[in-house]
Number of protein chains: 2
Amino acid sequence: MTVGVRHDDLRRRNRAMVIAAVRGGGQPSRTEIAAATGLSNSTISTISADLITEGVLTVVPAIENGILKRGRPQVALGLHPRAANVIAVTLSLNSLSAAIIDYSGKVIVHEFRRPSTLTMSADELLNALAELVQSVILRMGQDLAPLLRMTLAIQGITDSSKRALLWSPITPHSNIDFADFFETRFRVPVTVENDCNMIAVALRARSPERYGKNLITVMLSDGIGMGLIQRGELFTGSRSSGGEFGHMIHIPDGAQCRCGRRGCVEAYAGNYAILRHARGECETAQPAADIDHLTMTEMANAARNGEGLERDAFKRAGEALGFALGSLFALFDPAPVAFVGLGTSAFDLIEPSIRNAIARTAGGQHNAEFDFAIQADEAPLIREGGAYQALTYLDQTVFAASPPLQVLDLA
Amino acid sequence: MTVGVRHDDLRRRNRAMVIAAVRGGGQPSRTEIAAATGLSNSTISTISADLITEGVLTVVPAIENGILKRGRPQVALGLHPRAANVIAVTLSLNSLSAAIIDYSGKVIVHEFRRPSTLTMSADELLNALAELVQSVILRMGQDLAPLLRMTLAIQGITDSSKRALLWSPITPHSNIDFADFFETRFRVPVTVENDCNMIAVALRARSPERYGKNLITVMLSDGIGMGLIQRGELFTGSRSSGGEFGHMIHIPDGAQCRCGRRGCVEAYAGNYAILRHARGECETAQPAADIDHLTMTEMANAARNGEGLERDAFKRAGEALGFALGSLFALFDPAPVAFVGLGTSAFDLIEPSIRNAIARTAGGQHNAEFDFAIQADEAPLIREGGAYQALTYLDQTVFAASPPLQVLDLA
DNA sequence: ACCCTTTTTTTCGAGCTTCGAAAAAATGAA
DNA sequence: TTCATTTTTTCGAAGCTCGAAAAAAAGGGT
């Protein structure tokens with residue numbers, strides 16, 4: 001049972017809507033916010049006056065807009081950059097990064113390291129991250145904005161409370177409670193997010209008109225990750241981060257997957273699977289670990305130049321992705337798909353068989369052409385999505401809540 | 001952008017919450033409603049007084065409850081049966097039924113027909129339904145409650161606006177705009193719902209503690225249907241009724257499916273697929289239509305008594321269901337599954353291979369034992385779900401809205 | 001310069017709504 | 001019959017949003 005709407009919730013919700021309208025971009029005027037939210041001008045006026053007083057929003061100085069209309073000019077409102085800072089940490093194979101982002105979304109400090117994540121102990125990994133975070137915090141210096149939230153975007157499966165990493169291909173260790181560690185260390189609320197989910201969040205924020213309602217992001221790499229936006233909401237499983245697209249079954253009892261099971265999509269479309277087939281190895285052969293990008297590039301070039309096993313390997317990868325997407329579309333209805341990750345450098349090789357496979361499924365029946373997008377460099381998207389997740393959380397909770405009345409200091 | 005919460009929305013939402021608390025069952029007192037909704041006693045008192053005056057709720061006479069406590073006794077509130085009637089129509093292969101249900105959910109009139117739906121024209125089908133509906137309306141007679149809503153629960157795919165049937169196995173005709181037809185004929189708002197979705201709605205209403213958050217219903221019949229409840233909400237696709245579980249791909253380019261494609265789950269687990277394999281036919285053989293239950297029962301008995309092709313056919317059906325459920329679980333996380341329909345009479349034959357297949361998938365990794373339930377007779381569930389859908393729609397829209405002030409007649 | 005027009009923003013009182021406290025109601029226990 | 005207990009209603013206070021009117025801030029025209 002949802003809880004009833006109390007009177008003070010009303011204000012909180014409407015404040016949240018105003019903040020969301022401003023974060024939505026375009027530095028809207030009060031009138032535009034009123035139109036976007038459906039609230040009256042007078043309400044928006046009251047709320048925005050409060051938010052400006054509290055330092056959440058700020059009046060943006062009039063830019064040199066060529067269009068000079070008659071009448072009182074609109075006053076553009078923006079997010080106050082000093083309202084808060086958040087820290088977005090990303091953790092991928094042999095790559096750590098941390099960035100401090102202000103309330104308006106601008107990156108203030110950004111650093112990264114390239115340690116060998118696979119060979120580190122869990123403690124070493126935690127300490128390396130802590131050192132990196134410490135470093136960016138120091139470089140942030142005496143920024144007057146308080147650090148209010150932190151997200152860790154990780155390639156792997158998180159628990160549903162978004163506090164721990166359950167499993168990840170970047171480290172042999174499992175069940176690492178990152179949130180606990182960082183919260184005690186840095187005294188900041190932390191959530192652990194799946195990297196593909198953050199990419200989906202970032203793409204939705206970038207192109208709400210295209211991806212605002214539905215979006216599937218598919219990460220092509222050693223493993224196959226997925227992020228899913230349905231009806232405007234990030235879809236996560238009820239017990240974990242969900243969306244384990246790479247481990248949907250493509251061929252029952254088929255090729256050996258890294259996860260120990262057989263026939264997963266990843267066992268056909270992951271880098272190691274493509275390599276294994278191209279080299280003519282048995283499909284039950286143990287997957288190779290950590291394939292460098294050069295090998296994949298060479299294989300892609302070989303596939304482009306000849307008819308051999310290489311070309312077939314990419315074709316099979318596309319089929320696995322296509323049939324799985326087709327099954328997904330049968331459940332969710334077709335949605336735009338954004339492919340991300342280094343694996344997209346060979347997208348020309350797999351796209352035809354993806355489309356061909358989808359067309360042979362129920363989900364692909366009605367659409368001649370699907371909306372595919374390519375984004376090779378996923379790192380900025382992951383950071384952006386992590387920051388956005390942290391910032392909108394602040395919007396909806398911390399800043400949407402009316403602050404307690406300030407006691408006037410009359411001394 | 002969601003629309004802002006206006007002041008009058010507040011009342012509407014809280015009225016909806018009170019009605020929902022009462023429909024939730026248990027004939028709660030005002031105090032219990034306050035506890036369930038989180039609203040104050042005084043608010044509940046005001047709202048429930050209004051709703052009683054309007055004839056939406058009613059005071060339930062004290063039942064002989066043995067527990068006599070000290071203090072003023074609680075007054076139980078219930079839904080006023082005469083607040084409205086709804087009509088729940090169900091449409092399955094060779095079977096039409098219509099029932100009039102009062103606002104409290106009690107069936108008042110119920111009739112059914114057994115025409116041959118496959119050989120009827122679309123007009124004949126519409127007219128047969130109209131005659132049936134007319135008949136129950138006549139039998140309802142001068143019931144003082146107004147008929148405010150109608151649902152058609154149909155085996156098949158509906159459009160996302162829930163007005164038309166896009167495709168169904170029970171009729172060769174497609175794109176039938178049922179809602180339009182019935183709305184002009186009977187002057188009642190109509191929605192067209194998928195039968196499996198209605199089963200899910202009914203089971204959730206019956207066992208909220210078990211199925212309130214997540215539930216998958218799988219209909220075993222000629223085709224394989226699915227209804228999905230995720231986070232308490234009925235899941236439907238964004239363009240259609242969605243959840244075309246039966247047409248997820250089990251084996252790429254595999255057995256011939258009724259839908260014209262190949263390798264769908266249904267092409268292994270549907271009745272025709274089981275029969276085809278048991279008879280040793282080629283799996284690309286054209287599916288047989290409309291297999292009677294006796295044939296399936298005989299085949300199930302043959303499978304129970306021998307090791308032949310029959311047993312293998314059921315085993316393969318279970319594998320298709322299990323792998324597909326495993327893929328589903330990889331996306332959604334494991335959820336309780338309720339199998340419904342006549343096909344469940346052979347559930348003892350397919351269950352082991354379902355469990356075995358799930359255990360070989362990513363979704364089945366963490367759960368040794370899944371929560372399976374069996375419900376052979378789906379017809380009452382479909383009716384119940386359809387009625388519930390109509391009634392809760394009325395709750396949330398018609399009755400939650402504050403009525404215009406009555407002008408007092410002082411003549 | 002000056003006034004008019006146009007558009008945006010703020011102000012102000014009215015009307016709802018919810019809430020807490022107190023009162024009223026209804027019953028069992030003594 | 002009176003007291004204790006629990007539920008329900010009543011009533012005033014406080015908060016929120018809204019519409020209308022006023023104020024503010026520009027350009028346009030003479």
Side-chain angles (χ1 to χ4, degrees), chain A residues 3-18 21-22 27-53 57 59-77 400-405, chain B residues 3-18 27-53 57 59-77 400-405:
Chain A
V3 84
V5 184
R6 258 98 44 95
H7 214 176
D8 43 341
D9 288 334
L10 196 58
R11 203 5 119 67
R12 193 175 47 71
R13 287 183 191 223
N14 287 341
R15 280 168 62 102
M17 295 219 30
V18 170
V22 177
Q27 302 196 317
S29 69
R30 292 169 175 82
T31 312
E32 286 166 342
I33 297 173
T37 58
L39 295 166
S40 72
N41 281 337
S42 41
T43 304
I44 300 299
S45 188
T46 312
I47 291 179
S48 53
D50 286 354
L51 290 172
I52 289 168
T53 308
L57 298 185
V59 171
V60 178
I63 41 171
E64 296 298 316
N65 52 4
I67 312 115
L68 285 174
K69 285 187 309 179
R70 248 174 118 146
R72 181 172 172 173
Q74 302 191 352
V75 180
L77 298 181
S402 301
L405 284 176
Chain B
V3 84
V5 184
R6 258 101 40 101
H7 214 179
D8 43 339
D9 288 333
L10 198 57
R11 209 358 127 61
R12 192 175 47 71
R13 285 183 193 224
N14 287 340
R15 281 169 59 104
M17 296 219 27
V18 171
Q27 302 197 319
S29 69
R30 291 171 176 81
T31 312
E32 287 167 340
I33 296 173
T37 58
L39 296 167
S40 72
N41 280 337
S42 39
T43 304
I44 300 299
S45 188
T46 311
I47 291 178
S48 53
D50 285 355
L51 290 172
I52 289 168
T53 308
L57 299 185
V59 171
V60 178
I63 40 170
E64 295 299 316
N65 54 3
I67 311 117
L68 285 174
K69 286 187 309 180
R70 244 171 122 147
R72 180 172 173 173
Q74 302 192 351
V75 179
L77 298 180
S402 301
L405 285 175

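Letters A, B, ... mirror the listed sequences (proteins, then strands); counts begin at 1. Heavy-atom basis, side chains included; hydrogens, waters and symmetry copies ignored.
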Hey, are A:R11 and A:D50 close enough for a salt bridge, meaning a charged N less than 4.0 Å from a carboxylate O? yes

With the side chain of [X] defined as its heavy atoms from C-beta on, choose the nearest nucleotide among [options].
X	options	result
B:S42	D:dG19, C:dA21, C:dT9	C:dA21
A:V75	C:dT9, C:dT17, C:dC19	C:dT9
A:S29	C:dT9, C:dC19, D:dT7	C:dT9

Whole angstroms only, please: what is the [atom1]-[atom2] distance between [X] and [N]?
X	N	atom1	atom2	result
A:R11	D:dT17	CZ	C1'	9 Å
B:D50	C:dC16	CG	P	13 Å
A:R30	D:dA25	CZ	P	12 Å
A:N41	C:dT11	CG	P	14 Å
B:I44	C:dG20	CD1	C1'	15 Å

Contact state string [nucleotides 22-30 of chain C, B base, S sugar-phosphate only, - no protein heavy atom under 4.0 Å]: --BBBBBS-

Whichever of B:R15 and A:A49 has its nearest DNA chain C nucleotide further upstream toward 5': A:A49

Distance (rounded to the nearest 0.5 Å) between B:I44 CD1 and B:R30 CZ: 10.0 Å

Working to the nearest 0.5 Å, report the span between OG1 of A:T31 and CG of A:N41.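 Answer rounded to 0.5 Å: 5.5 Å.
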
Return no unless some side-chain N or O of [X] is found under 4.0 Å from OP1 or OP2 of [N].
X	N	answer
B:S40	C:dC19	yes
A:N14	D:dT17	yes
B:S45	D:dT9	yes
A:T31	C:dT7	no

Check whether any side-chain heavy atom of [X] sits under 4.5 Å from a side-chain heavy atom of [Y], and report yes or no.
X	Y	result
B:V60	B:L77	no
B:N14	B:I47	yes
B:P28	B:I33	yes

Which is it for B:T43 and B:T37 under the side chain to side chain contact (heavy atoms under 4.5 Å, CB included) test, yes or no, and what are the steps along the way? CA-CA 11 Å; B:T43 304; B:T37 58; over 6 Å; no

